[in-house]
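Every number for a ligand or one of its atoms is a count from 1 in the order of the listing.
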Amino acid sequence: MAATLVSLALSILFISSSVNALSLNYYDKTCPHLESAVTDAVKNGIVNDKTVPAALLRMHFHDCFIRGCDASVLLESKGNQKAEKDGPPNISLHAFYVINNAKKAVEELCPGVVSCADILALAARDAVALSGGPTWQVPKGRKDGRISKAADTSQLPAPVFNITQLQQSFSQRGLNLNDLVALSGGHTLGFAHCSSFQNRIHNFNGSVDIDPSLKSTFAATLRSICPEHNKVRSAGITLDSTTTAFDNAYYKLLLKGKSIFSSDEALLSTPKTKALVSKFASSQEEFDNAFVKSMIKMSSIPGGQEIRLDCRKVR
Ligand SMILES: *[C@@H]1O[C@H](CO)[C@@H](O)[C@H](O)[C@H]1NC(C)=O
Ligand SMILES: *[C@@H]1O[C@H](CO)[C@@H](O)[C@H](O)[C@H]1NC(C)=O
Ligand SMILES: *[C@@H]1O[C@H](CO)[C@@H](O)[C@H](O)[C@H]1NC(C)=O
């Protein structure tokens, strides 16, 4: 009996250390002023560029979906070894300097102690809170990885995904339909480039040109911004009408035929996910609570094994 208990205790210990168990007080002794240093860097970024919060939230999501939350998205390409940040969806990534500045400040406070992956997770939380969204305590103790490959960006859920593909992509990472709908609400911040919704407004399928689930006046707006042979790489539209405010406008617009991506519209294609969209559209509080829960879950996807000194390169 005692032996069984000991081996059970050991196996629990082993399991938790093998996934880098995270904790709220991870840096309490080793870097007590970590969080305010990160928050300052995020605030400084926002002063110059209102799109910084959207960029940080997107960057954290991208990081966690490839090799776990291990700051692989922050590594720079080396010669012809292209890193994630130089892979195809790189148009949606920017503001890396905010994380690099935060890391510099943190290294001055407590050298070699805090992972870039933790800094990014904290910055994403700050991005939401500083945009008027909910705040929460971030479990910490992530480790940084050594590998970043441009080709891996094909593992990110694509804007053209249907509900089956979205569900599969999320469940491979331990995330369920609740998480899918709640985390899609992150589209309350941000911008969509024409290339990511072109499929809905030109040659939708063999018999119709425009996705019939789009409200026609809204589809006309999208087409005027993004003509069929759009050459302006930067052209596009904000993901919701209140793009710098973290709110539930995204869900309200979905219900009005004003979704941007096929993957947004897909949330209305099953009764379960549609009910969640309606719930979040009618209650900011329900959305906030669900978002926080799912963010903590997503940002705990394990990965990495060391602490980088410079977020852009392995030691
Ligand atoms: C982004 O990805 C494209 C390939 O899709 C590549 O040509 C480009 O160099 C990458 N980097 C930047 C900064 O655009
Ligand atoms: C989603 O797309 C996949 C791949 O194209 C297809 O096999 C599947 O049937 C689609 N599912 C739905 C619900 O449309
Ligand atoms: C094209 O989309 C319309 C509307 O969703 C649908 O009725 C039609 O069957 C689709 N056609 C093809 C060829 O997929």
Quick test of your reading of the structure: of N162, V160, T164, whose heavy atom lies closest to atom 6 (C) of ligand 2?
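Shortest heavy-atom distance from atom 6 (C) of ligand 2: N162.
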What verdict does the salt bridge (Lys or Arg N to Asp or Glu O under 4.0 Å) test give for E35 and R125, after you've listed the backbone C-alpha separation in whole Å, the side-chain angles of each residue and the deciding distance to 0.1 Å?
CA-CA 11 Å; E35 301 211 8; R125 184 271 317 269; 2.9 Å; yes
What do you reckon, are the aromatic ring centroids of [X] and [Y] less than 6.0 Å apart?
X: F170; Y: F65; result: yes
X: F287; Y: Y250; result: no
X: H193; Y: F191; result: yes

Just to confirm my output: which protein heavy-atom neighbour is closest to [atom], and how far is it?
atom: atom 5 (O) of ligand 2; value: Q165 NE2, 4.0 Å
atom: atom 11 (N) of ligand 3; value: N205 ND2, 2.9 Å
atom: atom 4 (C) of ligand 3; value: P212 CG, 3.3 Å

Note: K103-E107 ion pair, threshold 4.0 Å (strictly below)
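Between E107 and K103 there is a salt bridge, with a charged N closer than 4.0 Å to a carboxylate O.
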Determine whether any protein heavy atom is located less than 4.0 Å from atom 2 (O) of ligand 3.
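Protein heavy atom within 4.0 Å of atom 2 (O) of ligand 3: present.
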Is atom 9 (O) of ligand 2 near the protein, in the sense that some protein heavy atom lies at less than 4.0 Å from it?
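It does not; no protein heavy atom is within 4.0 Å.
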With heavy atoms of S207 as the reference, note each atom of ligand 3 found under 4.0 Å away.
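Counting atoms of ligand 3 from 1, those under 4.0 Å from S207 are 1 (C), 8 (C), 10 (C), 11 (N).
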R223 vs D209, side-chain contact (heavy atoms from CB on, under 4.5 Å): CA-CA, chis, key distance, verdict
CA-CA 11 Å; R223 274 163 74 106; D209 194 29; 2.7 Å; yes
